[in-house]
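These notes concern the structure reproduced below.
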Number of protein chains: 2
Amino acid sequence: MDYTTNYAAAKHLVAVDCIVFGFDNEDLKILLVRRPIEPQKGDWSLMGGFVQQGESLDDASKRVLYTLTGLTDVYLEQLYTFGDVHRDPVDRVISVAYYALIKINDYDREIVRRNGAQWFKVSNYPRLIFDHDQMVQTAISKLRRKCRTQPIGFELLPEKFTIPQLQSLYEAILMQPLDKRNFRKKILSMNLLDKLDEKDKENSKKGAYLYRFNREKYETLTSNGFSFEI
Amino acid sequence: MDYTTNYAAAKHLVAVDCIVFGFDNEDLKILLVRRPIEPQKGDWSLMGGFVQQGESLDDASKRVLYTLTGLTDVYLEQLYTFGDVHRDPVDRVISVAYYALIKINDYDREIVRRNGAQWFKVSNYPRLIFDHDQMVQTAISKLRRKCRTQPIGFELLPEKFTIPQLQSLYEAILMQPLDKRNFRKKILSMNLLDKLDEKDKENSKKGAYLYRFNREKYETLTSNGFSFEI
DNA sequence: GTCAGATATTGTCGAAATTACAATTATTTG
DNA sequence: CAAATAATTGTAATTTCGACAATATCTGAC
């Protein structure tokens, strides 16, 4: 910041809003809440909260996410800051949007229920308050771009997952079908997955082998110039 | 934003800081100013200013850039919001960083001189106040990533430019030499440049043909599924 | 006016990556 | 044991990428 203008300093309300993504082996979803106060009480919205004195933006986003899901230590990244003067029709509020990638069954269902939260497909979710729809679209774009060059998709899957599960995750994010043989070839050729001796039999009669993402391998390869690419 | 927490609202100083990039046919550069007030008066810093009541973030960044360079209508994009509590040792200030790409000879030299501004190579610039160094590094990373998939490099070149000029811009941003034949082949194969009948003779005896980026062609191609890639 | 110097411009070939495409395997259930 | 379901595997054609060097054009010096 700087003091090089002739303008007097002005203080602002600053909020964080969280786009929480999950994947249910079928669709990419976002977690929405019903706004508990006026104006627009009861309308669907992102989960948010004001940044406190002595609280960093990252800490505020973690707090908001914890309040909603009971989760800590999840993938959480700053997305964009929305600062139009009238984005909130009542007060002028600058909002820093964050997006989180969570394993959809890991959150505390009780806390979520208490918050009136609900999962919606990103392909079909209700009208949101203010500019929250723009936030969601920005987040989807970013996720779609980023998942191609960074191994962040795994944040949306359980620890152990199958190749077809991983493929359908990518298909849901990218909104396009992928070739089974080519997908498997590519992902396995990167040598980032450890094949386990277990099979998942929930989704097929034959059963599919489970794999685990090996972050250490990823970091070793990356430091040697490797770059992830789907 | 939301009111769903038990915390009382707190207001914050919000600033914008601008990383201004230029290219002098040789090096990628940033424009820095000397901080005019205490603390750390006289130290090098990014140009910044506080966000006013009734002023959007985008407008604030445009104002700061205009104050520094006299320019309007330049490429200006939000980068990241820096919100650590003690990033400014005196006051708690949340800063939204923007980066600008300008044609290095287009700015008003008088205004720049009055601001005590100076261009520095991104490969060698002085220590900056607060977390401004982190801002610059974040901006360079973003530029390096983005210039490969979006035609933003042209913002740093004059209206008319030669292929070797364009190549040395990319070499400066990416910090790696590129093959002349392959570069020319690739860029021309995209059909985004109009070849002019003029030559630039400043930089060589033979002279190099001038080209112009054709934004309409780019948009047509893009809407047909084309994607820019260096 | 000729030569040296400097940069612009052009093409080919082998390697690597990408794409398209279909049969077989393993298991469960009726 | 037949049918149904999803997982798993390979190959060939195409395209893209990367490496690599000779020629063209102009200026300025002599």
Side-chain angles (χ1 to χ4, degrees), chain A residues 23-27 147-149 157-158 160-172 174-212 221 224-230, chain B residues 23-27 147-149 157-158 160-172 174-212 221 224-230:
Chain A
F23 177 66
D24 65 358
N25 283 337
E26 187 75 30
D27 295 291
C147 77
R148 303 190 75 115
T149 56
L157 293 175
K160 302 171 183 180
F161 52 86
T162 68
I163 304 292
Q165 243 183 310
L166 182 62
Q167 177 173 347
S168 72
L169 168 64
Y170 275 95
E171 289 176 331
L174 300 174
M175 292 210 301
Q176 55 174 299
L178 301 171
D179 180 270
K180 279 187 293 183
R181 279 169 288 190
N182 294 339
F183 181 83
R184 181 182 291 266
K185 210 187 311 175
K186 191 163 201 172
I187 200 83
L188 290 180
S189 73
M190 288 193 263
N191 270 93
L192 295 174
L193 303 186
D194 294 336
K195 186 175 187 172
L196 307 180
D197 276 334
E198 305 168 67
K199 280 191 168 186
D200 166 65
K201 298 231 174 154
E202 302 230 334
N203 299 298
S204 83
K205 296 175 176 175
K206 178 176 177 181
Y209 279 105
L210 289 164
Y211 290 79
R212 204 194 330 246
L221 287 169
N224 293 339
F226 162 84
S227 59
F228 184 88
E229 190 95 19
I230 290 288
Chain B
F23 177 65
D24 64 359
N25 283 337
E26 187 75 30
D27 295 293
C147 77
R148 304 189 74 116
T149 56
L157 292 176
K160 303 171 182 180
F161 53 85
T162 67
I163 305 293
Q165 244 182 310
L166 184 62
Q167 178 173 347
S168 72
L169 168 65
Y170 274 95
E171 289 177 331
L174 300 173
M175 292 210 302
Q176 55 174 298
L178 301 170
D179 181 89
K180 280 187 292 183
R181 280 168 288 191
N182 294 339
F183 181 83
R184 181 181 292 264
K185 210 187 314 175
K186 193 162 199 174
I187 200 83
L188 290 179
S189 73
M190 288 194 264
N191 270 93
L192 295 174
L193 303 187
D194 295 336
K195 185 175 186 172
L196 307 180
D197 277 333
E198 306 168 65
K199 281 193 167 186
D200 166 65
K201 299 230 172 153
E202 303 229 336
N203 299 297
S204 81
K205 299 179 174 171
K206 178 175 176 180
Y209 279 105
L210 289 164
Y211 289 80
R212 201 191 334 244
L221 287 170
N224 293 339
F226 161 83
S227 59
F228 183 87
E229 191 94 19
I230 290 288

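No experiment lies behind these values; they were computed from the predicted model shown.
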(request) Check whether more than 12 heavy atoms from other residues, nucleotides or ligands sit under 6.0 Å from atom CZ of B/F228, and answer yes or no. (result)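 Atom CZ in B/F228 is crowded, with more than 12 foreign heavy atoms closer than 6.0 Å.
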(request) Counting heavy atoms from C-beta on, name the nucleotide in D/dT27, D/dC17, D/dT8 closest to the side chain of B/K205. (result)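 Within the option list, the nearest is D/dT27.
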(request) Give the nucleotide from the list C/dG11, D/dA24, C/dA26 with an atom nearest to the side chain of A/K206. (result)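 Closest nucleotide to the A/K206 side chain: C/dA26.
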(message) If the cut-off is 4.0 Å, is A/R184 near the phosphate of D/dT8, judged by side-chain N/O to OP1 or OP2?
(response)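 Answer yes for this pair, as a side-chain N or O of A/R184 is under 4.0 Å from OP1 or OP2.
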(request) Please collect all salt bridge (Lys or Arg N to Asp or Glu O under 4.0 Å) contacts where either partner lies in residues 190-209 of chain A, sequence neighbours excluded, each pair once. (result)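 Qualifying pairs, neighbours excluded: A/K160-A/E198, A/D194-A/K217.
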Starting from [atom2] on [N], measure out to [atom1] on [X] and report it in whole angstrom.
{"X": "B/K199", "N": "C/dA8", "atom1": "NZ", "atom2": "P", "result": "10 Å"}
{"X": "A/I163", "N": "D/dA6", "atom1": "CD1", "atom2": "C1'", "result": "14 Å"}
{"X": "B/I230", "N": "D/dG18", "atom1": "CD1", "atom2": "P", "result": "12 Å"}
{"X": "B/N25", "N": "C/dT7", "atom1": "CG", "atom2": "P", "result": "13 Å"}
{"X": "B/F183", "N": "C/dA8", "atom1": "CZ", "atom2": "P", "result": "13 Å"}
{"X": "B/E202", "N": "C/dA6", "atom1": "CD", "atom2": "P", "result": "19 Å"}
{"X": "A/Y209", "N": "D/dT8", "atom1": "OH", "atom2": "P", "result": "8 Å"}
{"X": "B/M190", "N": "D/dT16", "atom1": "CE", "atom2": "P", "result": "13 Å"}

(message) Using a heavy-atom cut-off of 4.0 Å across all strands, would you classify A/K180 as base, sugar-phosphate, or nothing?
(response)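 Base, at least one base atom sits under 4.0 Å.
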(message) Base, sugar-phosphate or nothing for A/N203? Non-hydrogen atoms, less than 4.0 Å.
(response)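 Sugar-phosphate only.
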(request) With DNA chain D as reference, determine whether A/A208 or A/K185 sits nearer its 5' end, using the nearest nucleotide of each. (result)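 The answer here is A/A208.
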(request) Nearest-nucleotide wise, let me know which of B/N182 and A/Y211 is further upstream toward the 5' end of DNA chain D. (result)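 Nearest nucleotide further toward 5': that of A/Y211.
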(request) Would you mind reporting whether A/Y170 and A/I230 have side-chain heavy atoms less than 4.5 Å apart? (result)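 Of all side-chain heavy-atom pairs linking A/Y170 with A/I230, at least one is under 4.5 Å.
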(message) I want to confirm an ordering. Mapping A/G207 and A/D179 to their closest nucleotides on DNA chain C, which one lands closer to the 5' end?
(response)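 Nearer the 5' end of the strand: A/D179.
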(message) Looking at A/L178, is its backbone amide N or carbonyl O close enough to the side chain of A/Q167 to form a donor-acceptor pair, meaning the two atoms are under 3.5 Å apart?
(response)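 Present.
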(request) Indicate yes or no for a side-chain donor-acceptor contact from A/Q165 to the backbone of A/T162 under 3.5 Å, with no hydrogens or angles considered. (result)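 The answer is yes, because a donor-acceptor pair under 3.5 Å joins these two groups.
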